[in-house]
Student: 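One structure, pasted below without further comment.
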Amino acid sequence: MIVGVLVIVGLLVTRLQQSDTAAPSLPDEITLPEDATARAVTMGDDWYAVVTTDDRILIFDRASGEQRQTVTIEARD
């Protein structure tokens with residue numbers, strides 16, 4: 001029984017260390033508008049988004065780095 005537990009633990013350790021998916025990569029440099037300060041970053045398949053301190057979400061194309069869209073976050077009443 002002890003050997004079985006050790007085998008299972010060994011398999012878990014080796015399987016968890018192997019990863020089929022590479023970590024997503026961001027460009028080395030992101031150029032934000034002059035009035036924007038980044039608060040958070042998130043990513044999709046072909047885009048990344050920067051949440052700014054002035055409540056905007058700036059969406060960029062991952063391949064070109066060009067800004068695709070700006071979403072303004074409205075205050076709740």
Side-chain angles (χ1 to χ4, degrees):
M1 194 151 111
I2 294 173
V3 173
V5 170
L6 290 175
V7 168
I8 290 173
V9 169
L11 287 172
L12 284 173
V13 169
T14 58
R15 295 290 184 194
L16 291 176
Q17 289 177 352
Q18 298 172 352
S19 177
D20 292 339
T21 59
S25 62
L26 282 172
D28 293 333
E29 185 175 298
I30 298 172
T31 304
L32 298 176
E34 288 188 25
D35 61 339
T37 302
R39 177 181 292 170
V41 176
T42 190
M43 293 171 265
D45 290 334
D46 65 342
W47 56 269
Y48 57 91
V50 178
V51 180
T52 64
T53 55
D54 59 353
D55 293 330
R56 290 183 291 166
I57 302 171
L58 308 174
I59 301 172
F60 296 88
D61 185 82
R62 185 175 287 199
S64 68
E66 295 294 319
Q67 186 173 340
R68 282 191 195 175
Q69 184 177 0
T70 300
V71 178
T72 302
I73 303 168
E74 300 293 329
R76 286 184 121 182
D77 295 331

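What you see is a predicted model; the values in this text were computed from it and never measured.
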Student: Report yes or no: do L32 and V41 belong to one cluster of Ile/Leu/Val/Met/Phe/Trp/Tyr joined by side chain heavy-atom distances under 4.5 Å?
Tutor: yes
Student: If only atom types and distance count, is the side chain of R39 paired as donor or acceptor with the main-chain N or O of D55 below 3.5 Å?
Tutor: no
Student: With rounding to the nearest 0.5 angstrom, report the CZ to CG distance, R62 to D45.
Tutor: 7.5 Å
Student: With clusters defined by side-chain heavy atoms of hydrophobic residues (ILVMFWY) lying less than 4.5 Å apart, directly or transitively, does I59 cluster with V51?
Tutor: yes
Student: With rounding to the nearest 0.5 Å, note down the distance linking CZ in R68 to CG in D61.
Tutor: 4.5 Å
Student: Is it the case that one hydrophobic cluster holds both W47 and V50, taking links as side-chain heavy atoms less than 4.5 Å apart, direct or via other members?
Tutor: no
Student: Which heavy atom of A38 sits nearest to which heavy atom of T53, and what is that distance?
Tutor: O-CG2, 4.4 Å
Student: Are L58 and I73 connected in the hydrophobic side-chain network, where two residues link if heavy atoms are under 4.5 Å apart?
Tutor: no
